[in-house]
Amino acid sequence: MKLAIGNDHVAIEMKNEIVEHLREKGHTIIDVGTNSSDRFDYPVSGFKVACMVKSGEVDGGILICGTGVGISIAANKVKGIRACVCSEPFSAKMSKEHNNTNVLAFGSRVIGIEMAKMIVDEWLNAKYEGGRHQKRLDMIARIEETGDLG
Ligand code: RB5
């Protein structure tokens, strides 16, 4: 798969290890940074990755900040993005199967690198199930589109 990855200044080391892990598995990775330890505002990388996913330039996005929270909130402001924060593999897998998440986020201050690799692998191996779940995703899209459920 072709994936975009982004992070802030507290997640550089974890980002680099995840990039290496994914490249070893044969994925093509576009690293939008940051790669500087200077303080970096996570909405920048959240937005960049989200735009690449939205445009179809990549098949999915991975975002890492201290908690995964701020960077996922930023990504979710881009229309069509369904980003989730996961601290364990079960939610990561379910988020793809039921919610068709197109961006995965986690926190370098929350989980260790082996858990992060497991979460990423589960998410990438899972498939969206469609069916009854699509109606709910359509409802979310309607909220995004109209600000209402109607
Ligand atoms: C940076 O200090 C921290 O706020 C950021 O990495 C993230 O945890 C925000 O949600």
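The analysis underlying the following values was restricted to heavy atoms, covering all of them including side chains, and did not include hydrogens, waters or symmetry mates. As the structure lists them, so they are numbered: ligands from 1, and atoms in each ligand from 1.
For Asp59 (side chain) and Lys2 (main-chain N/O), a donor-acceptor pair under 3.5 Å exists by modelled atom type.
Counting protein heavy atoms only, atom 7 (C) of ligand 1 is closest to Cys65 SG, 3.4 Å. Summary of contacts: the protein heavy atom closest to atom 4 (O) of ligand 1 is Tyr42 CE2, 4.4 Å. Among all non-hydrogen protein atoms, the one lying nearest atom 2 (O) of ligand 1 is Arg109 NH1, 3.5 Å.
Taking any N or O of Asp8, backbone or side chain, at least one lies under 3.5 Å from an N or O belonging to ligand 1. Considering backbone and side-chain N/O of Gly70, one or more are found under 3.5 Å from N/O of ligand 1. Residue Val10 places no N or O, backbone or side chain, under 3.5 Å from any N or O of ligand 1.
Looking at Thr67 against ligand 1, both its backbone and its side chain come within 4.0 Å, counting heavy atoms.
In this structure, Arg39 does not count as a contact residue of ligand 1, since none of its heavy atoms falls inside 4.0 Å of the ligand.
Side-chain polar atoms of Asp31 and Asn35 form a donor-acceptor pair below 3.5 angstrom. A donor-acceptor contact closer than 3.5 angstrom is absent between the side chains of Glu20 and Asn16.
Under the 4.5 Å side-chain contact rule for hydrophobic residues, Met115 and Trp123 share a cluster.
Within the 4.5 Å cutoff, side-chain heavy atoms of Lys15 are placed close to those of Ile5.
Shown in contact with Gly66 at under 4.0 Å from a heavy atom are these atoms of ligand 1, numbered in order with element: 5 (C), 6 (O), 7 (C), 8 (O).
The aromatic rings of Tyr128 and His133 sit tilted, their planes meeting at an angle between 30° and 60°.
Counting heavy atoms of neighbouring residues, nucleotides and ligands inside a 6.0 Å radius, atom CZ of Phe47 does not exceed 12 of them.
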